[in-house]
Amino acid sequence: MTFTGLFVPLITPFTATGELAAEALEGLAHDALDAGASGIVALGTTGEPATLTADERRRVIDICAAVCAQRQAPLVVGTGSNSTADSAHALADLAPGVSAVLAVVPYYTRPSEAGVVHHFRRLAAASPVPVLIYNIPYRTGCQLGVETLCRLAELPGVAGFKHAVGAIDATTIAFLSRCPADVAVLIGDDLYAAPMLALGAGGAILASANVAPRAYVDMTTAWRDGPIERARHLGNLLAPLAEALFAEPNPVVMKGVLAAQGRIPSPAVRLPLLPATDAAVAAALGALEHCYAPRV
């Protein structure tokens with residue numbers, strides 16, 4: 001399986017009383033695929049998995065797997081922790097219908113880069129499906145150099161990366177130039193999506209696509225197939241939206257916008273997150289309006 005194009009990491013919608021809003025989640029999954037997304041991601045950071053119970057996490061996977069089976073689209077599931085043994089056990093016990101896993105670099109314990117390589121070697125061996133490595137150092141506290149990234153790319157069972165380092169730095173540029181052609185690099189920083197696609201990233205996993213899936217599909221496709229003028233226009237158009245949606249901790253503003261659109265029953269999040277401020281939601285809605293500018 002190849003991983004290209006846009007994958008939408010779905011939010012987990014809640015009712016006003018805090019329960020999982022199953023019908024809304026199913027609707028968001030269909031909306032993403034209707035817009036042309038290559039697939040969806042369940043239980044990514046945007047889905048607040050740390051605040052879900054085990055039963056809720058399984059239900060989220062089941063709902064998304066049913067949609068993806070119906071639509072013949074891949075489902076990627078976020079998983080992994082800073083325990084190699086626990087992560088490997090979870091991978092070996094994956095629910096049916098999962099096409100790949102998005103496994104985060106071990107966080108908090110800050111292992112050596114060699115330790116990270118051993119961690120993913122163990123996970124890839126245990127996983128029945130391809131592994132995408134989630135490299136997000138500002139959340140994990142673990143910086144990976146280009147040599148380590150290249151070693152990880154060579155591991156059997158590693159199909160690619162969600163690369164979200166918060167910048168387009170020298171390591172990123174070097175890695176893109178050296179990464180094997182059959183290993184996907186999916187950009188995970190919404191604000192840097194357009195320039196990363198211009199540099200050769202094969203696709204993206206972008207939370208902002210929850211609120212504007214068609215626009216993000218169009219941008220991702222335009223960088224791949226052209227015309228470049230349209231790709232550049234869409235990238236410039238969407239950058240203010242990404243900035244507005246991340247003005248407060250992810251995914252609180254996105255949930256505020258989706259609730260205002262009537263696509264989810266409430267903007268509820270779970271502690272320690274707090275709902276978005278009215279000002280942040282209003283700013284994001286304003287930025288979203290500008291995404292429907294005339295096509296070029």
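Using a cut-off of 4.0 Å between Lys/Arg side-chain N and Asp/Glu carboxylate O, R178 and E147 are scored as salt-bridged. We find that E56 and R270 are joined by a salt bridge, their nearest charged nitrogen and carboxylate oxygen being less than 4.0 Å apart. K255 and E48 are joined by a salt bridge, as a carboxylate oxygen and a charged side-chain nitrogen come within less than 4.0 angstrom of each other. Taking 4.0 Å as the cut-off between side-chain N and carboxylate O, R71 and D34 count as a salt-bridged pair.
A donor and an acceptor atom, one from each side chain of T172 and D169, are located under 3.5 Å apart.
Within a 6.0 Å sphere centred on CD of E243, heavy atoms belonging to other residues, nucleotides or ligands number 12 at most. When the shell of 6.0 Å around CZ of R121 is examined, it contains more than 12 heavy atoms from other residues, nucleotides or ligands.
Here the shortest heavy-atom pairing between A287 and A244 reads CB-CB, 4.3 Å.
Counting heavy atoms from C-beta outward, V252 and P275 have side chains that stay 4.5 Å or more apart.
Relative orientation of the F175 and F161 rings is perpendicular, given thresholds of 30° and 60° on the angle between their planes.
Once rounded to the nearest 0.5 Å, the distance linking CG of L241 with CZ of F246 reads 9.5 Å. L123 CG to S87 OG: the interatomic distance, rounded to the nearest 0.5 Å, is 5.0 Å.
Taking hydrophobic clusters as Ile, Leu, Val, Met, Phe, Trp and Tyr residues chained together by side-chain heavy-atom distances below 4.5 Å, L33 shares a cluster with L75.
Across I133, L132, L91, a single residue satisfies side-chain contact (heavy atoms from CB on, under 4.5 Å) together with V101, and that is L91.
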